[in-house]
Trainee: 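The following block contains the structure, expressed as structure tokens.
In this chain, residues are counted from 1 in sequence order.
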Amino acid sequence: MKTAVPPADVPTAPERGRLRQILLASLGNAAEWFDWTVYVTFAAVLGPQFFPSGDGATNVLETLSVFAVGFLFRPVGGLLIGAYCDRRGRAAGLRLSLLLMAGGSLLIALAPAHRTAGVLSPALLVAARALQGLSAGGESTAMSTYVTETAPRRRRGLYSSAIYISTTLGTLTATFLALLLRNTLTPDQLADWGWRVPFALGALFASYGWWMRRGVRETPAFDAVRRHARRPAWQVLRAHPRRVVRVAGFSLGATVVYYTFATYLPLYAQVHGGVAANAALWASVAAQVVFMAALPLLGIATDRFGPRPTLLVFGGGFVCLTPALFAVMSGSAVRLFAVMTAALLLFGCYATAAPAATLQMFPTALRSTGVGLSYALTVALFGGTAPYLNEYLAGLGHSAWYPWYVVLLCATSTAFFLRFRGTADADLTAAEDTGPVLAEDGAVRG
């Protein structure tokens, strides 16, 4: 059944105030990803608090398994909050995701340790990560949809850089906080109460982000189709299953790359690479600063050359370089910095091109649900399990296998990129309900 949508002459967001709207949304996104990232940043400290084993490596593995459990709820969040965005609006979805994240962080901050509450302790940790998983699954699609629909048609790559600039700002803040606590508290203080501080601050930051997002205006593209989507989740699965698969294919390599090189690699370097904790964290900070500075330039390049070439640079780069990046990383914070910087710059090609490329595959009335479901499911299956899989293979003595796993997924994504024929300035308010034209060979043409 077709979804009626209005004519194509939907007005775009006015130039005046557009950047302010992006800033308000981005501040909330930074708070969201501070909360999400701080968990893995403090994984080595959290393990003994919530799990009874005295083995440090086992504690880390168990803590990372809960990290992966949080990802299992991301598809549910992508589906539910995506559908909420398509029925109530992108701005409403942005506010809802922060409420859930604030609740999850507060629950971790207040949860009793295992020595006090026994099995209730890890159960509360799992419940908190479930809330955060629901939130993160909805935030990704709500933020991408909002920014892409707000941006000028020929500046979507540049505006999309705000998504990962704010994401990285949240990650950097979590890293700086970890450095501060590790250098001002004794190990006993950090284990006793210090680990609760970042989660309490995370709940506060998310609450402030929610308050800031009250000023976010709805996108004109959604306002034009507000009355037309009744059951967006059902419509997406029934009418556009192939496009759900395409978005998943686009996301395969990127999600594993991001959670390997931007989130997990400093911990891996500490546990398996012989890099001191402080040195690894500082290397991560420096690499992420370079990444943030480069993102607007990569966004301009995406607007100049189109999403397909930059997506191919990302995919082809990791297919060729991943084994080498892992080979030179160990034993030095300088090497860790170099590896993270190279990986993040390549990932930036995806970060600035993918939002508009994937969103143009779906009509406006179903966009958040379509992208949210497929992206969050892919992140749950491949991104959330990446740190655990790497740790598990290393424990078996097969750490050399993991880089080839990354290569395989990036090669799969590259095959999907090669079939994409959309444009950076494709009309995201098209009159027809089918989105970009689908060629007979399955390629997407804007």
Trainee: Looking at residues at least two apart in the chain, or sitting in another chain, which of them share a salt bridge (charged side-chain N to carboxylate O under 4.0 Å, His left out) with Glu139?
Mentor: Arg213
Trainee: Not counting sequence neighbours, which residues clear side chain to side chain contact (heavy atoms under 4.5 Å, CB included) with Leu120? List them please.
Mentor: Ala117, Leu124
Trainee: Partners of Arg90 by salt bridge (charged side-chain N to carboxylate O under 4.0 Å, His left out), sequence neighbours excluded?
Mentor: Asp86, Glu149
Trainee: Check whether the side chains of Tyr402 and Thr260 place a donor and an acceptor atom closer than 3.5 Å, and report yes or no.
Mentor: yes
Trainee: Could you tell me whether the side chains of Ser251 and Thr378 share a donor-acceptor contact shorter than 3.5 Å?
Mentor: no
Trainee: Cut-off 3.5 Å, side chains only: do Gln21 and Arg18 have a donor facing an acceptor?
Mentor: no
Trainee: Counting neighbours of OH on Tyr208 that are heavy atoms of other residues, nucleotides or ligands and sit closer than 6.0 Å, is the number greater than 12?
Mentor: no
Trainee: Rounded at 0.5 Å granularity, tell me how far SG in Cys85 sits from CD1 in Ile81.
Mentor: 7.5 Å
Trainee: Quick check: Phe318 with Phe314 (ring centres under 6.0 Å apart)?
Mentor: yes
Trainee: Check for a donor-acceptor pair, side chain of Ser166 on one end and backbone N or O of Asn29 on the other, with a separation under 3.5 Å.
Mentor: no
Trainee: Show the nearest heavy-atom pair for residues Gly383 and Thr255, with the distance to one decimal.
Mentor: CA-OG1, 3.3 Å
Trainee: In chain order, what residues pass the ring pair (Phe, Tyr, Trp, His ring centres under 6.0 Å) check against Phe417, with sequence neighbours excluded?
Mentor: Phe250
Trainee: Where the side chain of Ser97 meets the backbone of Leu94, is there a donor-acceptor pair that is under 3.5 Å apart?
Mentor: yes
Trainee: Arg74 side chain to Ala376 main-chain N or O, any donor-acceptor pair under 3.5 Å?
Mentor: no
Trainee: Report yes or no: does Ser161 contribute a side-chain atom to a donor-acceptor pair with the main-chain N or O of Leu158 at less than 3.5 Å?
Mentor: yes
Trainee: Donor-acceptor pair, Thr302 side chain versus Pro307 backbone, under 3.5 Å?
Mentor: no
Trainee: Quick check on Arg196: does its CZ atom have over 12 non-hydrogen neighbours (other residues, nucleotides or ligands) under 6.0 Å away?
Mentor: yes
Trainee: Kindly indicate whether the side chain of Phe205, heavy atoms from C-beta on, has any atom under 4.5 Å from the side chain of Pro198.
Mentor: no
Trainee: Picking from Thr341, Leu295, Leu344, what satisfies side chain to side chain contact (heavy atoms under 4.5 Å, CB included) with Val290?
Mentor: Thr341
Trainee: For this output row, return yes or no: ring centroids of Phe347 and Tyr164 closer than 6.0 angstrom.
Mentor: yes
Trainee: Hey, is the main chain of Phe362 close enough, under 3.5 Å, to the side chain of Arg367 for a donor-acceptor pair?
Mentor: yes
Trainee: Say whether, by atom type as modelled, one donor and one acceptor occur between the side chain of Thr141 and the main chain of Gly138 under 3.5 angstrom.
Mentor: no
Trainee: Can you check whether Ala91's main-chain N or O pairs, donor with acceptor, with Glu218's side chain at less than 3.5 Å?
Mentor: yes
Trainee: Would a distance-only check, ignoring hydrogens and angles, find a side-chain to backbone donor-acceptor pair under 3.5 Å from Thr369 to Leu79?
Mentor: no
Trainee: Phe199: which residues meet the ring pair (Phe, Tyr, Trp, His ring centres under 6.0 Å) condition with it, sequence neighbours left out?
Mentor: none
Trainee: Which pairs with one or both residues in residues 345-366 pass salt bridge (Lys or Arg N to Asp or Glu O under 4.0 Å), sequence neighbours excluded?
Mentor: none
Trainee: Compare all side-chain heavy atoms of Arg88 with those of Leu96 and state whether any distance is below 4.5 angstrom.
Mentor: no
